[in-house]
Amino acid sequence: MATTIAPVATIALPNPSRILRASWCPDKDLVVILSRLAHQEKLSLWKMSGSKKWEIDLPGNTEHKVEQIVDIAWSPDVQSIAVVSNPGLITIHSIQNGTIERAIPIPGRRFRVTGVWWFREEKKNTGNGLPEVFKRGENITGSAHAILRNLPLLDPIQDESKPLTSNDLFAFHGARNRAPQAPKVPPILTSWPSLPTDLVAASIAFNKPDAQQAFPEAEDEADDTNVNSVLAVADDLGNVHLFLEGSYPLGHVRIGTDAAPRSFYKLREYLFAHPGPSADLASAAVPLLPLVLKLPYLTGRHFRDVARVSSASRELVWYTMRVVKEMRRAWFGSDTNVGARDLGSKWVRALEQRQRNEFGNDEPYAVLDLTCLLTTGRTSEALLDYLGSGEHMSERSMQKWETTVVDALTRLRDLSEKRVAPGCQRLRLLLQEVQGWAALPQYAACNFNTAEVEACLDMTARAIVLSAWLAASARKELIRFKEFMKWLRYEIARANAADHQQPRPQHDILEVNDYLTSGLIVSQIDKWFMGPAPRFTPESLGVPQNTNISVALRKARAALNRWDQTVHDNAKHRELAHIERNIDALLEKLAAGCQKIFNDASGAAARSAVLVAGSLAPATTAGTEQDGQGEEAPQPPAGSAALIRERAVPSASEADNFLQYLAIRPPHDNDGGRSYLCVARLKQGLGVLDTVPTVEVAALECCVASPGSEDGAAVPFTLLDVDFFDDELLVIVYRPKDQEGATSVATVGYANLIYHPIPSQAYVTGTTRETLMGDVLAQLAGGQLRPAPIPIVQSRALKGCTQGTAALAVNGRAGRRVSCVLDATGMSVEVLDMEGEDEELELDEEEALAEEGGASEGSG
């Protein structure tokens with residue numbers, strides 16, 4: 001038989017491996033292969049030519065545990081792979097190198113995941129074809145995102161996960177030469193519902209060079225293939241967990257009790273599921289008619305608006321938290337850097353140690369000696385000796401002290417007023433929009449709690465005030481520290497100068513005294529990183545409340561009328577030392593409050609689910625009573641397990657319907673009995689929910705015509721695996737029963753088969769595929785249904801798979817048309833081009849042309 005099935009490569013695998021039905025990349029010649037070595041799951045991507053592109057171990061970090069990879073799904077833009085594993089974990093991997101872009105643990109550990117699907121949004125073609133000149137993307141004019149779009153981007157945070165370069169390794173950076181560790185994301189942020197990272201939407205600039213567009217001229221051509229796509233993950237308890245764009249959790253919907261869907265299909269806001277018992281995923285006790293759920297919340301833009309606000313809020317909270325952590329490291333120090341706060345206290349302790357050890361002071365008090373020197377110009381013997389020593393008072397030591405403290409205080413000032421405060425202001429904009437949504441009926445399903453939103457708004461206001469307060473305090477302490485250093489240099493110069501060459505003082509004695517009392521040993525800045533979360537009110541800071549605009553205007557006019565006089569009617573000093581200022585703890589509390597708000601809102605889509613058709617009760621299996629007659633359905637023969645493959649084909653004429661094809665290999669005896677492949681066709685969809693289902697079946701006997709037989713004798717074969725290739729062809733892997741080792745792959749046409757309708761009055765909601773198989777086998781045995789040999793279009797013998805089972809994966813998309821077969825050992829994969837040009841076929845064509853040429857010459 002002439003064939004265009006051409007072998008491409010045979011991949012020899014180092015470990016026993018397995019392939020999945022979704023292993024082939026939809027639009028690239030790549031295939032995913034799973035393996036396991038020493039209790040470690042491995043995920044690898046191979047080119048169809050046989051070379052490995054990458055291989056990674058799962059989970060890839062120590063935060064999650066992976067026992068077994070269950071299934072994979074490709075993102076709509078085919079740039080990512082969603083991998084689901086047990087216990088419940090979703091990891092999204094880059095197709096480029098396999099790195100984990102994000103890991104999503106599924107809440108709860110009592111279930112096992114069973115499958116995953118990734119559906120792209122059905123784009124609607126609207127308009128008259130003219131460009132939308134006034135289109136503003138997803139942003140509504142006046143919304144928080146529209147305002148953020150017009151604000152300058154916040155400065156990026158240094159990428160702490162970037163590998164060290166040669167300059168970093170060989171420059172004189174001291175202890176900083178060690179590789180920096182990536183910041184660990186707090187648990188409150190890992191459980192925060194968010195879309196894939198979009199820093200620009202949160203008004204934050206990118207830091208990584210590779211984050212820029214590869215082609216600047218294509219900046220306006222954003223790829224929206226993944227927008228509003230839905231990732232569905234099923235478990236064995238009857239739940240289907242939904243994730244917007246493979247990241248933002250939409251909650252879970254119920255499809256039954258202890259059930260797992262065998263097939264899942266999405267049509268706009270409708271979900272079609274065929275659940276079966278989760279205890280036996282190979283069981284055929286699956287209803288023919290789907291369970292249909294409607295998620296009305298997916299029809300509007302509200303769910304995506306909430307998701308975008310949640311994602312931007314998370315990025316801003318994480319941004320401000322990291323900036324505050326960086327401020328803390330600059331002030332208190334870290335494992336690799338010395339903190340500015342400890343330098344002054346170390347200097348004082350060294351002075352007191354010298355007073356105690358060398359001058360016999362049992363209770364030294366260095367600050368008293370320093371204050372006496374500042375106010376009277378007289379110094380103690382110990383202090384004079386200390387100022388003249390070169391160990392602590394050399395110019396190099398002084399320069400290092402001054403540089404460290406000045407840099408730290410400058411960094412505190414700049415980060416608080418240029419990053420923390422603007423970040424909290426942007427977060428407040430987003431929360432104010434949520435506060436408005438809480439009053440609208442369109443967002444009632446989000447369960448926004450007005451009190452919780454207002455509490456978060458109050459915390460953002462406190463964070464903004466504390467940021468400005470910290471900037472002012474750092475600025476004031478910086479001035480005092482510089483005056484202190486001027487005074488120290490003056491005293492050192494005075495102690496070493498001759499009597500007739502005394503230096504002139506240039507310091508402010510009051511500023512130096514303030515630094516000695518509240519800066520040298522204990523600083524007010526410490527309060528921004530220590531203590532409980534602040535709960536102060538504006539009244540405690542002296543801000544008057546319940547003052548309307550008219551009163552404020554009258555006070556302003558009065559002040560302007562008496563501009564040459566001091567106008568402080570109610571002004572008095574207010575003590576603020578007791579007020580808590582820990583901005584680090586405040587941001588953690590703010591993060592917890594915002595996470596709760598958005599976590600409650602994320603499940604709105606699942607909470608809006610409505611059961612349109614079907615039942616959550618288990619399907620009726622073969623052997624149960626029907627119509628009260630007590631008659632049992634025919635039992636399929638015992639033997640090998642049933643093999644069922646499915647394909648949904650959208651209807652070209654009816655937008656609400658689709659055709660569902662089932663390729664069923666019923667259980668059969670392995671002792672030489674006849675085996676069949678049944679192809680069933682059912683019309684499913686919204687337009688046929690209220691009608692009697694139509695079930696059509698074509699029965700094919702697993703046999704093929706003998707190549708050398710003239711009387712058309714058929715050779716029976718064992719069907720090892722089968723899958724749908726496209727809308728017209730099936731791909732099967734079979735082995736003749738009397739020819740051990742001769743395994744072949746073939747294509748079978750199913751679109752033009754003669755389908756026989758099965759009496760539909762018996763097929764109601766509870767009818768299962770198991771019952772259908774029993775009826776078809778009964779009709780075949782009784783002669784009411786005559787099988788036909790499998791119409792093989794073309795076939796190709798495989799080099800391997802000589803015994804045992806075989807696993808098949810196909811990709812029938814235009815331009816790809818490939819398949820691969822894994823043998824029973826899991827050590828060899830044969831890759832085939834289903835529409836290739838076989839070398840043997842080319843030789844046969846050349847020989848035929850040569851014979852035709854010779855015949856024409858002879859006749860001439």
Side-chain angles (χ1 to χ4, degrees), residues 73 76 114-124 126 193 227-235 237-246 248-257 259-276 286-307 440-447 600-619 646 648-651 653-660 682-693 764-766:
T114 59
V116 61
W117 300 262
W118 203 330
F119 304 103
R120 66 186 304 166
E121 185 191 30
E122 301 172 15
K123 307 295 183 181
K124 297 180 181 179
T126 58
V227 173
N228 288 343
S229 62
V230 175
L231 180 72
V233 179
D235 62 33
L237 298 182
N239 301 316
V240 177
H241 306 264
L242 305 176
F243 298 86
L244 183 65
E245 298 181 14
Y248 182 83
L250 297 173
H252 66 271
V253 294
R254 295 281 295 172
I255 61 169
T257 303
R262 301 302 191 269
S263 63
F264 210 68
Y265 185 78
K266 181 177 178 291
L267 180 63
R268 300 192 299 276
E269 71 271 23
Y270 293 90
L271 301 178
F272 296 79
H274 290 82
V286 180
L288 287 176
L289 297 185
L291 180 141
V292 183
L293 294 172
K294 180 181 180 181
L295 277 65
Y297 199 66
L298 294 181
T299 57
R301 61 170 296 155
H302 309 307
F303 76 101
R304 179 163 181 81
D305 289 341
V306 174
L440 297 178
Q442 298 93 320
Y443 296 89
C446 295
N447 294 342
D600 294 341
S602 64
R607 287 194 295 267
S608 68
V610 179
L611 183 63
V612 177
S615 173
L616 298 180
E646 309 174 26
V649 180
S651 176
S653 58
E654 301 174 352
D656 290 340
N657 297 332
F658 61 93
L659 287 177
Q660 183 187 34
L682 300 87
K683 191 174 185 180
Q684 310 274 24
L686 302 176
V688 296
L689 293 179
D690 299 329
T691 61
V692 177
V764 292
T765 305

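The first residue of the sequence shown is numbered 1, and numbering continues consecutively from there. Computed from heavy atoms alone, side chains included, the values below leave out hydrogens, waters and symmetry copies.
Note that the CD atom of Gln442 and the CG atom of Asp305 stand 11.0 Å from one another [nearest 0.5 Å]. Between the CG atom of Leu659 and the NZ atom of Lys683 there is a distance of 7.5 Å, given to the nearest 0.5 Å. We find the CG-CZ distance between Leu291 and Phe264 to be 9.0 Å, quoted to the nearest 0.5 Å.
Across all non-hydrogen atoms, the minimal contact from Cys446 to Val306 is SG-CG2, 4.0 Å. When every heavy atom of His274 is checked against every heavy atom of Ser263, the shortest pair comes out as ND1-OG, 2.9 Å. Of all heavy-atom pairs spanning Ser608 and Tyr297, the tightest one is OG-CB, 3.3 Å. For the residue pair Arg304 and Leu244, the shortest heavy atom distance occurs at NH1-CD2, 4.3 Å. When all heavy atoms are compared, the tightest approach of Trp117 to Ala234 is CZ3-CB, 3.8 Å. The minimum heavy-atom distance between Ile255 and Pro261, with the atom names listed, is CD1-CD, 3.4 Å.
Counting only distance, with no hydrogens or angles, the side chain of Arg607 and the backbone of Ser602 share no donor-acceptor pair below 3.5 Å. Listed for the Asp235 side chain is a donor-acceptor partner under 3.5 Å among the backbone atoms of Gly238. Of the possible polar contacts, none joining the Asn657 side chain to the Ser651 backbone as a donor-acceptor pair under 3.5 Å is found.
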side-chain contact (heavy atoms from CB on, under 4.5 Å) between Phe303 and Tyr248, worked out
CA-CA 10 Å; Phe303 76 101; Tyr248 182 83; over 6 Å; no
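Within the 4.5 Å cutoff, the side chain of Gln684 has heavy atoms near those of the Leu289 side chain. Between Arg254 and Leu293 the shortest side-chain heavy-atom distance does not fall below 4.5 Å. Under the 4.5 Å side-chain criterion, counting only non-hydrogen atoms from C-beta, Glu245 is in contact with Ser229. Looking only at side-chain heavy atoms (C-beta outward), Val230 and Leu271 stay at 4.5 Å or farther from each other.
Legend: residues meeting ring pair (Phe, Tyr, Trp, His ring centres under 6.0 Å) with Tyr270, ordered by chain and number and at least two apart, are absent. Residues forming a ring pair (Phe, Tyr, Trp, His ring centres under 6.0 Å) with Phe272 (at least two apart in sequence, or on another chain): Phe658. For Glu269, there are no salt bridge (charged side-chain N to carboxylate O under 4.0 Å, His left out) partners two or more places apart in sequence or in a different chain.
Residue Arg268 forms a side-chain contact (heavy atoms from CB on, under 4.5 Å) with just one option from Leu298, Asp656, Thr299, and that option is Asp656.
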